Amino acid sequence: MNSPVGASRQSWFARNRMTLLTVVIVAAYALFIEWFWGWSSILAQWAAVGVLPIVIALVLLTSTYFLRTWRILDYFPRETSGQFRTLFRVTQIHNLLNIMLPFRSGETSFPLLMRTEFGIPLARGTSALLVMRLLDLHALLAAAGIGLASEAGNGLIAWIIWAAFLVLPVAAFIVRKPLLRFGFKLAPKKAQGFLAEIENGLPVDGIAFARAWAMTAVNWLVKVLVLAWALGLMGVLPLAASFGGALGGELSSVLPVHAPGGVGTYPAGITAGAVAFGALGGKEALAALAQASINAHLLIIVSALTGTAISLPFGRRRQL
């Protein structure tokens, strides 16, 4: 039989588990930054760029986390109604774990957190996450395709291919029901409930799908443009190269090759993207590109840390 003190402690931990988890993750990540780069080194490098541009970039990057939360809120309106603050914290923990853990293994935290906080079944949360990640990848590849199509030798064919790729999510959404009906026919009875939860994790109708698609596009547009602007301030020229660098870095973060903390892989993605989109050659230009890629990576890391720190007061509301 549990004593009143033991029961009280268990109740306190149950109420504050998300706060405790958030504090531990933020502290661990801050220590990781200090160990690998050193906060003094980061601040010194940013001071060379200018305090105001860095602050503006951090504010804009952090604002995209609120947009991501809104996208999930719109995806699960019934389960998350009136709980934006709790959902914001969930998305921030998920985002930070994604950055910290290798090979996108932090993605597994999303369905677990959604089940813990909102009672959403694992299959449904996983299905929704898969849809959102496919939309993310599609948005980044479509943006990269603009540059590739504009530089292609046969412009008309390239733009037709790009347009076909652009509407690919619409085609996938249209055929989802026939594919699910086929799956229900083949699946044994024990798997019927699992398939039903997967279906529940998809957008309910065309309007919901359009909203999810639009919010995905706006989110990545803001993030890529801010990163491209920051890279331009750091000396990555021409403008197309800074845009390519921003796309390359973000593509490296959504692919399974992501290293812990994005160390190495994110700056390499920025460098590869900038070179592919016409970055200036020469020893000095390449050295500036390498330094800018590291600074931009640190900007992403600190914005994620800032967003998670902001979510600390956003705990579950007390029930009266």
Side-chain angles (χ1 to χ4, degrees), residues 57 60-77 79-80 84 87-88 90-99 104 106-107 109-111 113-114 118 120 124-149 162-176 198-229 243-256 258 262 266 269 273 300 303-304 307:
L60 291 173
L61 288 173
T62 304
S63 71
T64 63
Y65 299 133
F66 289 93
L67 186 59
R68 293 184 193 185
T69 305
W70 182 32
R71 178 173 70 164
I72 299 172
L73 185 74
D74 185 71
Y75 215 101
F76 300 104
E79 296 83 355
T80 61
F84 183 89
L87 184 59
F88 180 70
V90 166
T91 59
Q92 292 311 107
I93 292 175
H94 171 231
N95 179 58
L96 209 54
L97 288 173
N98 248 340
I99 295 174
R104 304 295 295 177
E107 294 286 20
S109 66
F110 179 80
L113 289 168
M114 294 299 286
F118 305 107
I120 295 173
R124 185 180 175 192
T126 303
S127 174
L129 178 64
L130 178 61
V131 171
M132 287 186 282
R133 284 295 175 252
L134 288 174
L135 288 175
D136 290 340
L137 183 60
H138 175 266
L140 288 169
L141 290 175
I146 295 174
L148 296 175
W162 178 83
F165 178 77
L166 185 65
V167 298
L168 195 59
V170 177
F173 181 74
I174 291 173
V175 301
R176 78 195 187 288
I198 291 178
E199 184 176 18
N200 290 335
L202 301 176
V204 293
D205 53 31
I207 295 176
F209 170 76
R211 286 199 305 266
W213 196 16
M215 283 186 278
T216 300
V218 172
N219 174 71
W220 286 110
L221 178 65
V222 172
K223 191 170 186 179
V224 169
L225 288 180
V226 171
L227 275 178
W229 172 64
F243 179 72
L247 283 174
E250 287 306 303
L251 276 171
S252 75
S253 71
V254 300
L255 295 175
H258 177 71
Y266 196 92
I300 291 294
S303 71

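This chain uses plain numbering: 1 for the first residue, then up along the sequence. This is a predicted model, so every value here is computed, not measured.
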S.K.: Give me the one residue out of T80, T91, T64 that meets side chain to side chain donor-acceptor pair (under 3.5 Å) with T69.
M.R.: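 Of T80, T91, T64, side chain to side chain donor-acceptor pair (under 3.5 Å) with T69 is met by T91 alone.
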S.K.: Can you name the nearest heavy-atom pair linking H94 to L129, along with the distance?
M.R.: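 In terms of heavy atoms, the two residues are closest at CE1-CD1, 4.0 Å.
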S.K.: Let me see the working for V90 and M114 under side chain to side chain contact (heavy atoms under 4.5 Å, CB included), right down to the final yes or no.
M.R.: CA-CA 8 Å; V90 166; M114 294 299 286; 4.0 Å; yes
S.K.: So, for T62 and G307, which heavy atoms are closest and what is the spacing to 0.1 Å?
M.R.: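 Shortest heavy-atom contact: CG2-CA, 4.1 Å.
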S.K.: By ring-ring contact (aromatic ring centres under 6.0 Å, His included), which residues pair with F243, not counting sequence neighbours?
M.R.: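 For F243, no residue satisfies ring-ring contact (aromatic ring centres under 6.0 Å, His included) once neighbours in sequence are set aside.
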S.K.: May I have all residue pairs that pass salt bridge (charged side-chain N to carboxylate O under 4.0 Å, His left out) and include part of residues 206-220, sequence neighbours excluded?
M.R.: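 Found D74-R211.
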S.K.: What residues, two or more places apart in sequence or in another chain, satisfy ring-ring contact (aromatic ring centres under 6.0 Å, His included) together with F209?
M.R.: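 Once residues adjacent in sequence are excluded, the partners of F209 under the ring-ring contact (aromatic ring centres under 6.0 Å, His included) criterion are F173, W213.
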S.K.: First locate atom CZ of F110, then atom CG of N95, and finally report the distance between them rounded to the nearest 0.5 Å.
M.R.: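 It is 12.0 Å, given to the nearest 0.5 Å.
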S.K.: Between atom CZ of R133 and atom CD of E107, what is the distance when rounded to the nearest 0.5 Å?
M.R.: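 Answer for the CZ-CD pair, R133 versus E107, is 4.0 Å.
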S.K.: Could you pull out the closest heavy-atom pair between P169 and L135, with the gap in Å?
M.R.: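 Minimum heavy-atom separation between P169 and L135: CB-CD2, 4.1 Å.
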S.K.: Can you measure from CG (L97) to CD (Q92) and round to the nearest 0.5 angstrom?
M.R.: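 Separation between the atoms: 11.0 Å.
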S.K.: Output all residues satisfying salt bridge (charged side-chain N to carboxylate O under 4.0 Å, His left out) with R124, sequence neighbours left out; order by chain, then residue number.
M.R.: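 Per chain and number, R124 pairs via salt bridge (charged side-chain N to carboxylate O under 4.0 Å, His left out) with E79.
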S.K.: Who pairs with I146 by side-chain contact (heavy atoms from CB on, under 4.5 Å), at least two apart in sequence or on another chain?
M.R.: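 Only W159, W162 meet the side-chain contact (heavy atoms from CB on, under 4.5 Å) criterion with I146.
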S.K.: Looking only at non-hydrogen atoms, find the nearest pair between L141 and L251 and report the distance.
M.R.: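 Closest heavy-atom pair between L141 and L251: CD2-CD2, 4.0 Å.
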S.K.: Work out which heavy atom in F76 is nearest to a heavy atom in A128; give both atom names and the distance.
M.R.: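 Scanning both residues completely, I find the closest heavy atoms to be CZ-CB, 3.4 Å.
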S.K.: Counting the benzene-type ring for Trp, do F88 and F66 have ring centres under 6.0 Å apart?
M.R.: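 Under 6.0 Å, so yes.
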S.K.: What are the two closest non-hydrogen atoms of G106 and S109, and how far apart are they?
M.R.: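 Smallest heavy-atom distance, with atoms named: O-OG, 2.6 Å.
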S.K.: Hey, can you pull the donor-acceptor pairs under 3.5 Å for the side chains in residues 217-227, sequence neighbours left out?
M.R.:
residue, atom, partner, partner atom, Å
W220, NE1, D136, OD1, 2.9
K223, NZ, E250, OE1, 3.2

